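To keep things clear, I will list the structure first and then write my remarks on it.
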Amino acid sequence: MNEYTFDDDGNPIMRTFGAPHKNLFADVEDITNIFDVDGDGFDVTLSMAEATLSWISVNPNRARKSKGKRLSLFRSSKSALPNTETLELHHVLGVKIKRRKKGRKDGDGMCLGFIVYTYECFGPNTLRERVIEFEHPSENLCTKYSERISNYIRELPGRPQSVKLFMQILAGHHLSKELYKNKVLPLLQAAGVDVDCVEIQHSEYIKQEMVHINLDDYDCIACMGGDGTVNQVATGLMNKIQAINDVEIKYGFTPVACNVPLCIFPTGTTNQIAGSVLGIGDTVTAAIHMILGNYRQVDICSVYYEEKLLKWSFISQYGFAGNVLNMYNRYKPKLGVKGLDAAVLKSLTKSKLRPYECEVEYIPADPLPHAGDKNMDNEFLTCRTGCNRCWTEVIEETPSVTHDTQVQAFDPLNTSNNSESFMDLANLESPWKTCKGSFLNVGLFCIPGNGEMAPEGLDKFCHLCDGSMNLIMVKNTSRKDFVRFLKRHSNSKNQFAMPFVERVRVKEVRFKPRSRTTWNYKDHSYSEIEYRESAVKHRRGTIQSMDVLEIADERTTPKHRHTQSLQMLDNISDIDDDEDEDEDEGIDDVDDFSSDPASRKGSGGTNRNSAGSSRGSAGSRTKIKNGDVIINTAQQEKQLVGPQYRMTFAEKDKLKRKTKQIKKEEKIKEKEAAKSRSVWNLDNEICTEQELSFRVHHGLIKISGLGISQYTHVFSDSPVFCLSLMG
């Protein structure tokens with residue numbers, strides 16, 4: 001679907017979702033009267049059958065004013081009279097009566113005319129409000145015009161009447177209140193939209209508010225802030241929708257699509273989610289799209305930790321992006337917005353820019369059409385307005401094999417499966433692929449992530465609604481090459497053309513970091529998928545051997561069964577004797593510690609249990625005499641170590657030093673392990689959990705906007721000042 005359509009004369013007309021399919025006012029007669037517009041007389045005609053408002057100058061010799069370079073929504077046909085302008089009613093935001101308000105209350109005063117609120121395009125993605133005043137002293141005539149226009153736009157589908165707005169006053173430059181009061185609220189009042197605005201008090205406020213909210217009372221949920229605020233509202237909204245539909249939230253579940261649209265007023269430091277759908281981080285443009293009812297279906301990703309839903313996310317990154325966000329939160333209180341430069345510069349130092357050993361398992365998505373064509377148009381790949389893949393009909397996910405079945409199939413500890421099921425599953429090819437290595441950054445993108453730092457997007461080839469997400473892995477490379485990779489985000493060069501960058505379209509991802517202190521983290525030959533398949537085969541062989549033993553047992557006679565049972569009892573008794581010997585050895589070790597000479601010296605040189613301890617230890621120890629090993633199996637005397645024993649000062653000092661040494665070693669290990677770990681950056685919110693699982697959902701949420709115009713220009717300079725200084 002294109003952003004602009006063209007009339008018979010070739011004039012561009014902006015396309016809107018809210019345009020009705022059937023005109024309910026086709027039988028209403030046209031009305032024409034004379035009004036003053038900008039000090040000149042015009043014949044104003046309201047045609048409900050054609051859904052247009054046109055005005056023709058009564059002075060044919062009047063010179064037409066220039067409208068500049070902006071793209072106007074007012075079209076004039078060549079066949080029409082000169083100085084004629086026409087406005088389609090579905091482009092009208094609102095209409096109201098103009099009155100003299102000097103010393104009067106709202107709604108009182110002498111009628112001066114009626115005002116029409118519409119908009120104009122000031123660029124490929126930028127919309128601006130335009131106010132047209134039609135002056136006439138007759139209140140009955142102005143009311144007739146305004147009521148007909150109001151009735152028409154009220155019947156347009158998709159336009160909200162009531163909105164719930166969550167406003168983050170601390171986002172970005174702390175200008176949310178000012179922008180809402182001066183820019184957003186007048187537009188919503190002109191359109192007749194009721195707004196319930198609440199300020200976010202703390203991080204859990206949205207979650208608590210969503211539990212008690214009644215979504216039937218609102219036509220749209222809006223948020224004003226950055227990407228972190230959008231993530232919190234989207235997570236709360238999606239969880240609320242699942243709770244309303246009685247959907248059990250668990251690992252691998254199929255969620256219900258959200259029927260309540262989400263509107264984003266971008267006022268944060270980073271507005272990548274809004275930039276991907278709106279094409280620009282402008283609050284006025286977002287308000288106009290919301291009033292017109294322009295929405296796009298967008299993919300969203302569910303994030304799991306230990307098979308429990310953690311949150312919903314659009315962009316997830318691990319490694320360098322996580323370090324930048326962590327540093328930015330540290331520098332922001334003192335440096336403000338300039339802390340972003342300091343965070344990027346600090347993360348690029350030798351001590352912070354380090355590769356992370358990771359293991360990534362993923363299920364590849366279906367390839368793009370014409371993937372082998374080298375002459376393929378890049379605009380088909382990029383998510384632009386009119387993208388064929390993003391405007392296809394969204395179908396609810398009904399996978400033939402659920403994720404729960406796949407996990408159960410390759411679980412070597414599951415004993416509920418029989419040998420036939422293991423035999424069938426072993427022959428199936430696993431859909432999971434594994435990638436291991438040292439990565440500077442690992443990213444998952446459901447949306448392109450357009451913003452000031454990346455005008456074309458962090459992933460310029462990502463789509464808004466194609467049922468897949470892009471997995472981008474930046475392998476270990478030099479600091480100079482990595483800076484070149486970052487600088488390419490701000491220009492038209494392809495940052496994924498570098499040899500150390502790998503990009504894969506996936507549907508599911510499981511991520512696991514490798515710790516330096518636990519195992520050989522540089523061993524990339526180990527594959528967990530192959531281990532699971534081998535475990536399945538081993539389990540199948542074990543079950544078959546058990547079946548053979550059962551068949552052999554059935555063929556044995558009762559006499560043989562009695563003999564086997566006696567042998568089993570003998571084996572059990574031998575095991576019990578071995579366990580008793582192990583327990584006695586453990587007790588003798590404690591007795592040996594208590595029979596230490598220092599212990600006897602500290603207790604006055606006498607120990608009541610010293611003789612018994614020596615006898616017990618002599619009976620349990622292994623003696624070597626003339627090369628022969630002699631084991632004394634005599635029954636030991638158990639010693640009680642409790643209230644009878646008191647530690648000496650030397651033992652207490654020794655235990656204290658040992659505890660201190662253990663804590664020191666643990667601190668060193670923790671410091672060493674911290675170097676091999678980073679944090680997750682989930683929509684510019686820090687997540688400290690490491691082992692996460694991701695699953696993309698096709699067109700699950702609607703966000704206000706029409707996508708990015710294909711005429712959007714790319715900025716050449718990066719807003720991060722430190723990157724422009726690096727070579």
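Just the heavy atoms: all of them, side chains too, but no hydrogens, waters or symmetry mates, feed the values below. Predicted, not measured: the structure shown is a model, and the values here were computed from it.
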Min side-chain heavy-atom separation Leu262-Val233 under 4.5 Å: yes
Flag, side chain of Gln242 to backbone of Val256, donor-acceptor distance under 3.5 Å: yes
Cys446 SG to Asp459 CG distance, which is reported to the nearest 0.5 Å: 10.5 Å
Main-chain N/O of Ile472 paired to Arg503 side chain as donor or acceptor, under 3.5 Å: no
Residue pair Tyr356 / Pro513, side-chain heavy-atom distance below 4.5 Å: no
Mutual orientation of the aromatic rings belonging to Phe500 and Phe485 [parallel < 30°, tilted 30-60°, perpendicular > 60°]: perpendicular
Main-chain N/O of Gly225 paired to Thr267 side chain as donor or acceptor, under 3.5 Å: yes
Over all atoms of both residues, closest heavy-atom pair of Lys460 and Asn491: NZ-O, 4.2 Å
Residue pair Ala274 / Ile264: nearest heavy atoms and the distance that separates them: CB-CG2, 3.7 Å
Gap between atom CG of Leu692 and atom CD of Glu306 - 0.5 Å precision: 10.0 Å
Derivation and outcome, side chain to side chain contact (heavy atoms under 4.5 Å, CB included), residues Gln297 and Leu464: CA-CA 7 Å; Gln297 299 289 145; Leu464 289 176; over 6 Å; no
Chi angles and distances behind the side chain to side chain contact (heavy atoms under 4.5 Å, CB included) call for Cys435, Glu502: CA-CA 11 Å; Cys435 183; Glu502 185 175 357; 4.2 Å; yes
Residue among Met238, Glu685, Gln232 satisfying side-chain contact (heavy atoms from CB on, under 4.5 Å) with Lys311: Glu685
Tyr318 side chain to Gln690 side chain, donor-acceptor N/O pair below 3.5 angstrom: yes
Pairwise side-chain contact, Ile221 with Lys164, heavy-atom cut-off 4.5 Å (strictly under): yes
Modelled atom types, side-chain donor and acceptor of Trp312 and Asn239, under 3.5 Å: yes
Non-hydrogen side-chain atoms of Met290 and Leu188 separated by less than 4.5 Å: yes
Side-chain (Asn470) to main-chain (Arg505) donor-acceptor, under 3.5 angstrom: no
Parallel, tilted or perpendicular: rings of Trp680 and Phe694 (30°, 60°): tilted
Full working for side chain to side chain contact (heavy atoms under 4.5 Å, CB included) between Tyr295 and Val277: CA-CA 9 Å; Tyr295 301 108; Val277 186; over 6 Å; no
Residues Ser678, Asn323; criterion side chain to side chain donor-acceptor pair (under 3.5 Å); working and verdict: CA-CA 7 Å; Ser678 181; Asn323 295 340; 3.1 Å; yes
Donor-acceptor pair, side chain of Asn681 and main chain of Ser316, under 3.5 angstrom: no
Side-chain heavy atoms of Ile291 within contact of Leu187, under 4.5 Å: yes
Exercise: do Asp194 and Ser162 side chains pair donor with acceptor under 3.5 Å: no
Student check: side-chain heavy atoms of Asn271 and Ile280 closer than 4.5 Å: no
Separation between OG1 of Thr283 and CD1 of Ile288, rounded to the nearest 0.5 Å: 9.5 Å
Gln272 backbone acceptor or donor facing Asp227 side chain under 3.5 Å: yes
Aromatic plane relationship, His697 with Phe253 - under 30° parallel, 30 to 60° tilted, over 60° perpendicular: tilted
Lys240 side-chain N/O to Val211 backbone N/O, donor-acceptor pair under 3.5 Å: yes
Heavy-atom pair with the smallest gap, counting every atom of Pro364 and Tyr362: CD-O, 3.7 Å
Any donor-acceptor N/O pair, Arg488 side chain to Asn494 backbone, under 3.5 Å: yes
Spacing of Ile244 atom CD1 and Asn214 atom CG [to the nearest 0.5 Å]: 7.5 Å
Reported SG-to-CD distance for the pair Cys358 and Glu691, which is rounded to 0.5 angstrom: 11.0 Å
Heavy-atom check, side chain of Met210 versus side chain of Phe166, under 4.5 Å: yes
Ser313 vs Ile300, side chain to side chain contact (heavy atoms under 4.5 Å, CB included): CA-CA, chis, key distance, verdict: CA-CA 6 Å; Ser313 177; Ile300 193 171; over 6 Å; no
Short side-chain to backbone donor-acceptor contact, Ser490 and Met453, under 3.5 Å: no
Minimum heavy-atom distance Gly279-Asn125, with the two atoms named: O-ND2, 3.5 Å
Chi angles and distances behind the ring-ring contact (aromatic ring centres under 6.0 Å, His included) call for Phe265, Tyr180: CA-CA 9 Å; Phe265 298 105; Tyr180 173 73; 7.9 Å; no
Point-to-point distance, once rounded to the nearest 0.5 Å, from NZ of Lys207 to NE2 of His202: 11.5 Å
Close side-chain approach of Gln495 to Val501, heavy-atom, < 4.5 Å: no
Ser693 side chain vs Arg510 backbone, donor-acceptor pair below 3.5 Å: no
Shortest non-hydrogen separation from Ala286 to Pro266 and the atoms involved: CB-CD, 4.2 Å
Nearest heavy-atom neighbours spanning Ile241 and Cys258: CG1-SG, 3.8 Å
